[in-house]
Amino acid sequence: DVKVTQSSRYLVKRTGEKVFLECVQDMDHENMFWYRQDPGLGLRLIYFSYDVKMKEKGDIPEGYSVSREKKERFSLILESASTNQTSMYLCASSPGQGRRAFFGQGTRLTVV
Amino acid sequence: AQKITQTQPGMFVQEKEAVTLDCTYDTSDPSYGLFWYKQPSSGEMIFLIYQGSYDQQNATEGRYSLNFQKARKSANLVISASQLGDSAMYFCAMRVRGATNKLIFGTGTLLAVQP
């Protein structure tokens, strides 16, 4: 069974903290994605990576950074968490020219 | 710029009836793929159907079919014989082929199936 695993289902952090969201896939996929999901806004792409150490900004990269040191792991970093980053974060992976992306279970982050 | 537009924030449908969820897209690239995902209240993203830009036939997967009108840049999802379990959020997505394979989503349509 294919699997994309996000390190936490729920997370509560304080304003100003550095936050790491981890995502691991076991399918040897080239592409990995980080989205945030907010009511009425759908899934918005934060960053994606098409190879190890390669990354590109999505539509809303401000306030976020990413790291992909190994093919199976893609980390989303909030350098200094703010309340407007309270959201559901979804990680996904897909093959290079794949027909579908596989999603993790999501991390609901609350910044207080 | 690439964009997916879903203009229906919410819809009702009677059980056993068919329903069409609208999706339009914008890209200047000739090679792309279109997807529909279902997200029930549990939050998981369930892949439903895929259509490639060069596919001659409309995609079908069981009760799901994709009404692909390339000239109009639309990729509507048709669900036949709706069931109560179809109540969920539905997202249309597009991936433009190339080196980076960026995958973008629309804002979603919340479907409520009524008994």
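Below, read A as the first sequence line, B as the second, and so on, with proteins coming before strands; counting in each chain starts at 1. Computed from a predicted structure; not experimentally measured.
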Asker: Do L77(B) and V13(B) share a hydrophobic cluster, counting only Ile, Leu, Val, Met, Phe, Trp and Tyr and linking them when any side-chain heavy atoms are less than 4.5 Å apart?
Answerer: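 Same cluster.
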Asker: If you count heavy atoms of other groups shown closer than 6.0 angstrom to NZ of K70(B), is the number above 12?
Answerer: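 Atom NZ in K70(B) is crowded, with more than 12 foreign heavy atoms closer than 6.0 Å.
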Asker: Check for me, please, whether V112(A) and L11(A) land in the same ILVMFWY cluster - side-chain distances under 4.5 Å, paths through other members count.
Answerer: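 Looking at the clustering, L11(A) is in a separate group from V112(A).
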Asker: Going hydrophobic residue to hydrophobic residue with side-chain gaps under 4.5 angstrom, can you get from L45(A) over to Y47(A)?
Answerer: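 Different hydrophobic clusters.
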Asker: Between CZ of R95(B) and CG of N31(A), what distance do you get to the nearest 0.5 Å?
Answerer: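 Here the rounded value is 5.0 Å.
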Asker: What pair of heavy atoms forms the shortest contact from L103(B) to A101(A), and how long is it?
Answerer: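 Scanning both residues completely, I find the closest heavy atoms to be CD2-CB, 3.6 Å.
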Asker: Evaluate whether atom CZ of R44(A) has more than 12 neighbouring non-hydrogen atoms of other residues, nucleotides or ligands under 6.0 angstrom away.
Answerer: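 Yes, the 6.0 Å shell around CZ holds more than 12 heavy atoms from other groups.
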Asker: Could you give the distance from CZ (F35(B)) to OG (S94(A)), rounded to the nearest 0.5 Å?
Answerer: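 Here the rounded value is 7.5 Å.
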Asker: State, with a plain yes or no, whether a side-chain heavy atom of R100(A) is found less than 4.5 Å away from one of Y50(B).
Answerer: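 No; the side chains remain at least 4.5 Å from each other.
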Asker: Tell me whether M94(B) is reachable from I60(A) by hopping between hydrophobic residues (I, L, V, M, F, W, Y) whose side-chain heavy atoms are closer than 4.5 Å.
Answerer: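 In one cluster with I60(A): M94(B), no.
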Asker: Going by the salt bridge (charged side-chain N to carboxylate O under 4.0 Å, His left out) test, which pairs reach into residues 71-85 of chain B, not counting sequence neighbours?
Answerer: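 Qualifying pairs, neighbours excluded: D26(B)-K73(B).
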Asker: Relative to chain B, which segment of D59(A) carries a heavy atom at a distance below 4.5 Å: side chain, backbone, both, or neither?
Answerer: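 Answer is side chain: those atoms of D59(A) sit under 4.5 Å from chain B.
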Asker: Testing Y50(A), F48(A), F33(A) one by one against K102(B) for a side chain to side chain contact (heavy atoms under 4.5 Å, CB included), which residue passes?
Answerer: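 With K102(B) as partner, side chain to side chain contact (heavy atoms under 4.5 Å, CB included) holds for just one option, F48(A).
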Asker: Please classify the contact of Q37(A) with chain B as side chain, backbone, both or neither, using a heavy-atom distance under 4.5 Å.
Answerer: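 For Q37(A), the contact with chain B is made by the side chain alone.
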Asker: Just so I understand: if I count every heavy-atom pair under 4.5 Å between each of E44(B), M89(B), Q39(B) and chain A, which residue has the most?
Answerer: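 Of the candidates given, the most pairs with chain A belong to Q39(B).
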Asker: Measuring heavy-atom distances to chain B, does L43(A) have an atom under 4.5 Å in its side chain, in its backbone, in both, or in neither?
Answerer: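 Both parts, backbone and side chain.
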Asker: Which residue is it: Y35(A), F102(A), F103(A)? I am looking for the one with a side chain to side chain contact (heavy atoms under 4.5 Å, CB included) to M45(B).
Answerer: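 Output: one option passes, namely F103(A).
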